[in-house]
Every structure is written in structure tokens, then in C-alpha cells.
Amino acid sequence: MYPTILGMPSYIVLAVVGFIAAFLTAFFRRKNYNFTPMDIVSMLCLGIAGLLIGAKLLFIVTMIPEIVQNFGWEIIEKRVINGGLVFYGGLIGAMIGIKILAKTMKRDPNEMMNFVIPCFAAFHFFGRIGCFLEGCCHGVAWANGFECDADFMCFPIQLVEAAGIAVIFAVLLYLEGYGKKTDRRVPLVHIYFVLYGVLRFIDEIWRGDVLRGVTEIRLDYFTSAENSASLAFSLSTSQIISLILIIYSGTKLYKMYRKKQ
């Protein structure tokens, strides 16, 4: 991989590029929502602060069993201080930050989140490219029996997800423009939750990074009075959250659609 760019960590460089992309996405759309450049800076700064805090907290939550089992300074330093991030925790943290800001600015929080969500997708796109360059959040090995290292590259699931996020970003902007032409506010947040939830649930199948938690699920059932069978499968933490978001936002979208009929 390419862990550094011009002597700086690749992920940090791409995060900065992502922040610039998010700012530009907001700046050129601000008049549609009557936001000032300072409003945009406030939203992006608070949103990214919430993103970083939420992403770190959810990672720590997924690490609690390991931390408790091996409690000591070494595991705290490894998993809490120098540990990774969980995207969905960042998404939740960013949304909380935006809601707080909306209340402070006395603006409609749904409108503000509609404004911010394409910016968030723009930031996330470059963040996933940063993951690829850094070598984290990688996919499974290309063949069984191999481990990912400098000589045997893993499936680049980061780039696959980045491509999916780019498509979602384009869809959000298209629907926003459609809503402007028809004078109807399109619920971009719920559309994003459904689209990204589906994308993330699927690409987790090829994700080789199991550090952030996997839940084993076993369903036992009876085929007859004498015989029983079971169905066992596993879901990652992100897949479980994806399902929750898909169901929640899908239900919201369905109710909105039914209400307009």
C-alpha cells in the first residue's frame, strides 16, 4: 500500500481532501437552503467532531469483551488510545452534532441534515480511498489459506465501497435537484440510510477486517416431533446496524409515500 503521501499519513491527507470536498459540496448548494459560509464551517466542524467521537466510542464498545478479558494498560493503549474507528459510530455522532447545532441556530434539523448528508458522502468517499492507501478496512484474501501482506494483496473492498458511495452521492444530488424543480423536499437522509445500508451490508461479505465485531446467530427449529434442525450464520456489527437503518428509514420512506397517495 501507500501509507504516506509527501511524508504524511495517507489517511490524514485523504481526510483533508475529503473535508475540502465536503466544504465545496456545501458551499455550492448553500443558497438553496439560505446558509452562509460561516454556517457551513460550523456544520462541517461540528459534524466531523461528532464523527470522530462517535466512531471512536463505537469502536471501544465493540472492544469491551477483549478489554475486560485482558484488562491492563497494554490493552487500553492498543484498543482505546491507538485503536481504530467504526464508521457507523461516526455517522451517529455526526447526526447528533448536527441536531445540536440546528437547535442552537433555531433551524429545522431535518432540513439541516438533508443539506449535510451529501457533504458527508463526499467526505466518506475520500476516506475510503484513504483506507485503501493505509491498508486498513481491507477485504478478504484473494484465495483461501493466504494472509494479506505486502506480497499478497487483499480484495480492495475499500475501492468498491468508494465507488458505491460515489453513486449514492450522485443520486442524492439528482434527487435534491428534482425536489427543487418540483418544489418538494426529498428526504435525502432516509434515502442515504437505505442506499448506504444496502451497500455496506453487501460489501461486509467480502470484508476481511473482523476486528470490529462479529455476532454468531443460531436459530433452532423442529422439522418434526422427533427431529430438529438449526440455521447458523454470523453478522458483523456493521451489518446489524445496516439492517436497523434499512428497516427504520425504509419504513419512514414508505409512510411518506403512502401519505402522498
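Worth knowing before you read on, the calculation uses all heavy atoms, side chains too, and leaves out hydrogens, waters and symmetry mates. None of the values given here were measured: they were computed from a predicted structure.
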Validation: residues 83-91 side-chain donor-acceptor distances under 3.5 Å, sequence neighbours left out:
residue: Y88; atom: OH; partner: S242; partner atom: OG; Å: 2.8

Looking at [X] and [Y], would you say the former's side chain and the latter's main chain have a donor-acceptor pair under 3.5 Å?
| X | Y | answer |
| --- | --- | --- |
| E204 | F201 | no |
| R200 | G197 | no |
| R107 | M112 | no |

**Item:** Between E134 and S10: side-chain donor-acceptor atoms closer than 3.5 Å
**Value:** no
**Asked** With sequence neighbours left out, what residues match D39 under side chain to side chain donor-acceptor pair (under 3.5 Å)?
**Response** T36
**Ring geometry between F193 and H190 (parallel below 30°, tilted from 30 to 60°, perpendicular above 60°)** = perpendicular
**Prompt:** How would you list all residue pairs meeting salt bridge (charged side-chain N to carboxylate O under 4.0 Å, His left out) that involve residues 112-133, not counting sequence neighbours?
**Reply:** R128-E161
**Request:** Please check if the distance between the ring centroids of F125 and F169 is under 6.0 Å.
**Result:** no
For [X], side-chain contact (heavy atoms from CB on, under 4.5 Å) partners two or more places apart:
| X | result |
| --- | --- |
| V17 | F126 |
| L188 | Y33, N114, I117, P118, L172, L175, E176, V186 |
| D108 | N110, E111, R185 |

**Message:** Using side-chain heavy atoms (C-beta onward) and a distance below 4.5 Å, is P187 in contact with M256?
**Reply:** yes
